[in-house]
Student: 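Supplied in structure tokens, the structure appears directly below.
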Amino acid sequence: MVRELKEVQGIIFKRQKYKEADLLAKIMTKQDGIITLIVKGALRPKSRLSAATLNFSMGTYVIYTSGHGLSNLRTYKEVKQFDGLYQDLTKNAYASFIFDLIDHAFVEYQPIGKYYDLALFALKKINEGVDSEMITQIVQMKMLGAYGVEPELRHCVICGKEKGIFDYSIKLGGVVCSDHFGVVNSRMHLKPKETAVLRTIGLLLTDRLGTIKINEETKKATRKAIDRIYRETIDLNLKTQKFLDELKLF
């Protein structure tokens, strides 16, 4: 395929040393997907490209690409950073995990559409100081669809009931109403409030997110539930999640 110069808008979310003075940087874009860029000379002291490819930099980048494999970063325009993430290790760890989760759901150059909007939503909210844990749980519930295991949260998977008391069944792939608690052995035995939180954050339109007020006990329970859902449905072993889990211990 012929290589061409192309402008892409996106967010840099991962970088590593490549050869003596070069970097490899991953950028997440809406229309062109996730692209790995060679950033030549970025590790040299006076390089302008280094600051423009810091993690969680967002802007317009001019790349030389063939639409597959490694692309080359040539220059950039109007790049900004999310400063709140540089000043807080925990915020940075949550954001890194979110982008890693999205990265593993797609192959490079595959358009990611609404999931780019989801990543940007999460980045802005965490940067602004909104509860990082709950923003991450929102992203995880919504990312299940990208991994091919989108749960049924609107109504009971057995009878279609939409209101009442619910539990969650990983085996059945969604919520089960109390009418069937006695016959569904695979339900998770969550408290009604915990299931309600999972339903709410999974169905939430992110542009309508208001103030998040969830007590720590419920938050820990929904975190445990989401981790179990991922563990039993998706084979993931993300270093960013391990680091985040270790960070929480401190």
Side-chain angles (χ1 to χ4, degrees), residues 1-44 46-86 91-128 135-136 138-140 142-143 145-148 206-207 236 238-240:
M1 188 177 292
V2 177
R3 293 174 72 87
E4 62 177 355
L5 282 175
K6 185 173 187 177
E7 281 193 1
V8 296
Q9 292 182 323
I11 305 162
I12 302 290
F13 66 96
K14 186 182 294 184
R15 63 185 235 165
Q16 66 183 62
K17 185 176 180 180
Y18 178 71
K19 297 185 178 179
E20 185 175 348
D22 304 339
L23 284 175
L24 288 181
K26 275 197 167 185
I27 183 171
M28 184 176 294
T29 74
K30 188 171 186 175
Q31 301 300 333
D32 297 283
I34 295 164
I35 304 169
T36 301
L37 304 173
I38 299 175
V39 190
K40 291 189 176 296
L43 296 179
R44 295 194 179 106
K46 296 182 180 181
S47 172
R48 294 184 303 109
L49 295 179
S50 181
T53 52
L54 292 172
N55 281 343
F56 309 120
S57 297
M58 179 180 179
T60 302
Y61 298 84
V62 180
I63 67 173
Y64 191 51
T65 182
S66 64
H68 64 86
L70 296 176
S71 297
N72 291 83
L73 175 62
R74 289 299 179 85
T75 187
Y76 60 90
K77 304 175 183 178
E78 302 174 355
V79 170
K80 68 174 184 178
Q81 275 86 29
F82 292 86
D83 294 334
L85 301 178
Y86 294 107
K91 287 182 181 180
N92 194 293
Y94 274 107
S96 296
F97 168 60
I98 286 169
F99 275 75
D100 203 14
L101 185 67
I102 298 173
D103 183 23
H104 278 76
F106 300 94
V107 297
E108 289 202 338
Y109 297 96
Q110 176 186 356
I112 64 175
K114 66 180 182 180
Y115 296 105
Y116 176 84
D117 297 329
L118 181 64
L120 184 56
F121 151 80
L123 203 58
K124 288 179 176 178
K125 292 299 182 182
I126 292 174
N127 186 65
E128 291 167 3
I135 294 299
T136 302
I138 290 170
V139 171
Q140 285 183 282
K142 292 185 176 300
M143 282 303 299
Y147 281 97
T206 54
D207 59 354
L236 280 179
L238 303 182
K239 291 181 180 178
T240 49

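Quick note: residue numbers are just sequence positions, from 1. Values below: all heavy atoms of this structure, side chains included; hydrogens, waters and symmetry mates excluded.
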Student: Can you tell which of T75, I35, I12, V39 makes a side-chain contact (heavy atoms from CB on, under 4.5 Å) with Y61?
Tutor: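 That would be I12; it is the only one of T75, I35, I12, V39 passing the side-chain contact (heavy atoms from CB on, under 4.5 Å) with Y61.
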Student: When you compare the side chain of T29 with that of I27, does any pair of heavy atoms fall below 4.5 Å?
Tutor: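 They are in side-chain contact.
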Student: Could you pull out the closest heavy-atom pair between L43 and K17, with the gap in Å?
Tutor: CD1-CG, 3.6 Å
Student: Go through K30 and I112 one step at a time and tell me if the side chain to side chain contact (heavy atoms under 4.5 Å, CB included) criterion holds.
Tutor: CA-CA 6 Å; K30 188 171 186 175; I112 64 175; 5.5 Å; no
Student: What's the spacing between Y115 OH and I102 CD1 if we round to 0.5 Å?
Tutor: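 Rounded to the nearest 0.5 Å, the OH-CD1 separation comes out at 9.5 Å.
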Student: Could you walk me through whether Y147 and L236 satisfy the side chain to side chain contact (heavy atoms under 4.5 Å, CB included) test, starting with their C-alpha distance in whole Å, then the side-chain angles of each, then the deciding distance to 0.1 Å, before giving a yes or no?
Tutor: CA-CA 11 Å; Y147 281 97; L236 280 179; 3.7 Å; yes
Student: Which heavy-atom pair separates M28 from F99 by the least distance, and what is that distance?
Tutor: CE-CD2, 3.6 Å
Student: Do you know which two heavy atoms are closest between A42 and S47, and how far apart they sit?
Tutor: CA-OG, 3.4 Å
Student: How far does NZ of K91 sit from CG of N127, to the nearest 0.5 angstrom?
Tutor: 6.5 Å
Student: Which side-chain N or O atoms in residues 78-86 pair as donor and acceptor under 3.5 Å with protein atoms at least two apart or in another chain?
Tutor:
unit_1	atom_1	unit_2	atom_2	d
Q81	NE2	A51	O	3.0
Q81	NE2	S57	OG	2.8
Y86	OH	N55	O	2.4

Student: Which heavy atom of A95 sits nearest a heavy atom of I126, and at what distance?
Tutor: N-CD1, 4.3 Å
Student: From L101 CG over to T136 OG1, what is the distance, rounded to the nearest 0.5 angstrom?
Tutor: 9.5 Å
Student: Might you work through the side-chain hydrogen bond (donor to acceptor under 3.5 Å, both in side chains) test for S71 and Y109, ending with a clear yes or no?
Tutor: CA-CA 11 Å; S71 297; Y109 297 96; 2.6 Å; yes
Student: Of all the heavy-atom pairs spanning D22 and G41, show the shortest one and how long it is.
Tutor: OD1-N, 2.8 Å
Student: Between R3 and N72, is any pair of side-chain heavy atoms under 4.5 Å apart?
Tutor: yes
Student: What distance separates E108 CD from H68 NE2, expressed to the nearest 0.5 Å?
Tutor: 11.5 Å
Student: Heavy-atom distance under 4.5 Å between the side chains of K77 and E7, does that happen here?
Tutor: yes
Student: Please assess L118 against M143 for the test side chain to side chain contact (heavy atoms under 4.5 Å, CB included), listing each intermediate value before the final yes or no.
Tutor: CA-CA 9 Å; L118 181 64; M143 282 303 299; 4.1 Å; yes
Student: If you round to the nearest 0.5 Å, how far is CG of N92 from OG1 of T240?
Tutor: 11.0 Å
Student: Assess whether side chain to side chain contact (heavy atoms under 4.5 Å, CB included) is satisfied between L120 and I11, documenting all intermediate values.
Tutor: CA-CA 8 Å; L120 184 56; I11 305 162; 4.0 Å; yes
Student: Looking at every non-hydrogen atom in both residues, tell me the closest pair between G67 and T65 and how far apart they are.
Tutor: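 Closest approach of G67 to T65, heavy atoms only: N-OG1, 3.0 Å.
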Student: For the atom pair CZ (F121) and OH (Y116), what is the distance rounded to the nearest 0.5 Å?
Tutor: 15.0 Å
Student: Whether the side chain of R74 engages the backbone of I63 through a donor-acceptor N/O pair (distance < 3.5 Å, no angle test) should be reported.
Tutor: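 No, because the side chain of R74 does not come within donor-acceptor range (under 3.5 Å) of the backbone of I63.
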Student: Consider only side-chain N and O atoms of T36 and Y18, and report whether a donor and an acceptor are under 3.5 Å apart.
Tutor: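 The criterion, which ignores hydrogens and geometry beyond distance, is not satisfied for Y18 and T36.
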Student: Verify, without hydrogens or angle tests, whether R15 (side chain) and S50 (backbone) share a donor-acceptor contact under 3.5 angstrom.
Tutor: yes
Student: What pairs with K26 under salt bridge (charged side-chain N to carboxylate O under 4.0 Å, His left out), at least two apart in sequence or on another chain?
Tutor: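 Salt bridge (charged side-chain N to carboxylate O under 4.0 Å, His left out) list for K26, sorted by chain: D103.
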Student: Any salt bridge between K14 and D100, counting N to O under 4.0 Å?
Tutor: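 So K14 pairs with D100 through a salt bridge.
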Student: Using a cut-off of 6.0 Å, state whether more than 12 heavy atoms not belonging to E128 lie near its atom CD.
Tutor: yes
Student: Is the NZ atom of K6 crowded by more than 12 outside heavy atoms at less than 6.0 Å?
Tutor: no
